[in-house]
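Written below as structure tokens is the structure these notes are about.
Chain letters run A, B, ... following the sequence lines, proteins first and then strands; every chain starts at 1. Nothing here was measured: the structure is a model prediction, and the numbers come from that model.
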2 protein chains.
Amino acid sequence: MNIGEVAIVSGLPAKTIRYYEDIGLVKPLRDTNGYRAFRTRDAHKLTFLGRARALGFSIEDCRKLLALWADDTRASADVKALAKDHLSAIDDKIADLQDMRQTLDHLVRECAGDHRPDCPILQSMARQTVMNSKASG
Amino acid sequence: MNIGEVAIVSGLPAKTIRYYEDIGLVKPLRDTNGYRAFRTRDAHKLTFLGRARALGFSIEDCRKLLALWADDTRASADVKALAKDHLSAIDDKIADLQDMRQTLDHLVRECAGDHRPDCPILQSMARQTVMNSKASG
DNA sequence: ATAGGGCTTCCCCTTACTGGAAGGTCAAGG
DNA sequence: CCTTGACCTTCCAGTAAGGGGAAGCCCTAT
């Protein structure tokens, strides 16, 4: 398989596949003309990578997942630990975004959104914390 | 104010403040010794930037917000529009993360997490879509 | 022979900073 | 006067995960 074909079957852009080769995630063979020659298992690996990335795993996590996948003697506990860590990272991100969302939503609701300049959104970002008496030199 | 002091009062790292000067968000004066000399309004601007960034606004959005803030003739509608756009971008991100979260949480619950190699997490990432009969050459 | 599409490498660009090196400045202490 | 240490300066490089595009080779069809 050339890169174009494997791009189609894996669903990844050719650029991405070249990049994955650069960083050592896949190691396709080479034809005599210099073209990359992907075997079926390379394609499977790329599909795996696409799925793992779609679940938000970092490239380095993907590298570990690939290693576990390739290792018949793995313990599922190791995979689960990786996944749980990632899950809690996702939860943290969601929480951060929801905090932002709530603050911003509140401000948006308060803002008249008309032709006048008065704006609670700007006010909330401009508001000086009244505490810095010692730093106001 | 030197950069160290304004870093404390604005809550931003000195590195970040230098970067903001580089990209034209603040324009502090210079002392004869070459040190940046921040005025009170520079400090306010930086505080504003810190708040806007904390709400997730991009640097380019921050640039627009600063311009609106500085413009006495602004319409609050313009600020509100910016904020609403950002709010919906946040909502999109939250939705993406929640999709990931749900899939991953499901897989984690299914995984025994013991010494055995069998792992639904890996299986779900490795599963080949059975559709590609024409591409399996 | 030539056109076109696919492939190659290479380098720069992105976001929003962060780290670090090499060196100038300033105030305190001996 | 000299040193020490904290501060400041600029500049360079790196981060994550690729994307864009140039210059040029390869292959097939006409």
Check nucleotides 20-24 of chain D for protein N or O atoms closer than 3.5 Å to its own N or O atoms and list the pairs.
{"residue": "D/dG20", "atom": "N7", "partner": "A/K15", "partner atom": "NZ", "Å": "3.0"}
{"residue": "D/dG20", "atom": "O6", "partner": "A/K15", "partner atom": "NZ", "Å": "2.7"}
{"residue": "D/dG21", "atom": "O6", "partner": "A/K15", "partner atom": "NZ", "Å": "2.4"}

Rounding to an integer number of Å, can you tell me how far [X] [atom1] sits from [N] [atom2]?
X: A/D31; N: D/dC27; atom1: CG; atom2: P; result: 9 Å
X: B/E21; N: D/dC11; atom1: CD; atom2: P; result: 12 Å
X: B/Y19; N: C/dT15; atom1: OH; atom2: P; result: 8 Å
X: B/L46; N: C/dC17; atom1: CG; atom2: C1'; result: 15 Å
X: A/Y20; N: D/dA16; atom1: OH; atom2: P; result: 13 Å
X: A/D22; N: D/dG19; atom1: CG; atom2: C1'; result: 14 Å

query = Heavy-atom contacts under 4.0 Å between residues 87-95 of chain B and DNA chain C, which residues?
reply =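 When residues 87-95 of chain B is checked for heavy atoms under 4.0 Å from DNA chain C, there are no hits whatsoever.
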task = Name the closest nucleotide to the A/N33 side chain, picking from D/dG18, D/dC26, C/dC17.
result =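 Closest of the options to the side chain of A/N33: D/dC26.
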query = Taking everything shown except B/R30 itself, do over 12 heavy atoms lie less than 6.0 Å from its CZ?
reply =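 Correct, the count exceeds 12.
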Hey, is the main chain of [Y] close enough, under 3.5 Å, to the side chain of [X] for a donor-acceptor pair?
X: B/H86; Y: B/L55; answer: yes
X: A/R36; Y: A/I3; answer: no
X: B/R39; Y: B/A43; answer: no
X: B/N2; Y: B/G4; answer: no

key: Check: A/T73 and B/P117 side chains under 4.5 Å, non-hydrogen atoms   =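 Side-chain contact under 4.5 Å: no.
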message = Using side-chain heavy atoms (C-beta onward) and a distance below 4.5 Å, is A/R18 in contact with A/D22?
response =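 Side chain of A/R18 against side chain of A/D22, heavy atoms only: no contact under 4.5 Å found.
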inquiry  = Between B/L82 and A/L122, is there shared hydrophobic-cluster membership here, with clusters defined by ILVMFWY side-chain heavy atoms closer than 4.5 Å?
reply    =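 Yes, B/L82 and A/L122 fall within the same hydrophobic cluster.
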ask   = Linking I/L/V/M/F/W/Y whenever their side-chain heavy atoms sit closer than 4.5 Å, directly or via other members, would A/Y35 and A/V9 fall into one cluster?
value =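 The answer is no; the residues belong to distinct hydrophobic clusters.
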task = For DNA chain D, determine which residues of residues 53-63 of chain A have any heavy atom closer than 4.0 angstrom to one of its atoms, and list them numerically.
result =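 Output list: A/R53, A/S58, A/I59.
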message = For C/dT18 and B/T16 - does any side-chain N or O of the residue sit under 4.0 Å from the phosphate oxygens OP1/OP2?
response =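 Answer is yes, contact under 4.0 Å.
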message = Is there a side-chain contact between A/R30 and the phosphate of D/dC26, meaning an N or O under 4.0 Å from OP1 or OP2?
response =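 No, A/R30 has no side-chain N/O under 4.0 Å of OP1/OP2 on D/dC26.
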query = Under the salt bridge (charged side-chain N to carboxylate O under 4.0 Å, His left out) test, which residues partner A/D105, sequence neighbours left out?
reply =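 Salt bridge (charged side-chain N to carboxylate O under 4.0 Å, His left out) list for A/D105, sorted by chain: A/R101, A/R109.
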message = Which residues pass the salt bridge (charged side-chain N to carboxylate O under 4.0 Å, His left out) test with A/D78, not counting sequence neighbours?
response =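 Here no residue qualifies.
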Restricting to nitrogen or oxygen on both sides, can you table the protein-nucleotides 6-8 of chain D pairs closer than 3.5 Å?
{"residue": "D/dC7", "atom": "O2", "partner": "B/Y35", "partner atom": "OH", "Å": "3.4"}
{"residue": "D/dC8", "atom": "OP1", "partner": "B/G4", "partner atom": "N", "Å": "2.7"}

inquiry  = Minimum heavy-atom separation for A/K27 and A/D42, please, with both atom names.
reply    =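 Shortest heavy-atom separation between A/K27 and A/D42 comes out as O-OD1, 4.3 Å.
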query = Under a 4.0 Å N-O cut-off, is there an ion pair linking B/R63 with B/E60?
reply =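 Salt bridge between B/R63 and B/E60, a charged N being under 4.0 Å from a carboxylate O: yes.
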query = According to the interplanar angle, ranging from 0 to 90°, do the rings of A/W69 and A/F48 count as parallel (below 30°), tilted (30 to 60°) or perpendicular (above 60°)?
reply =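 Answer is parallel, since the angle falls under 30°.
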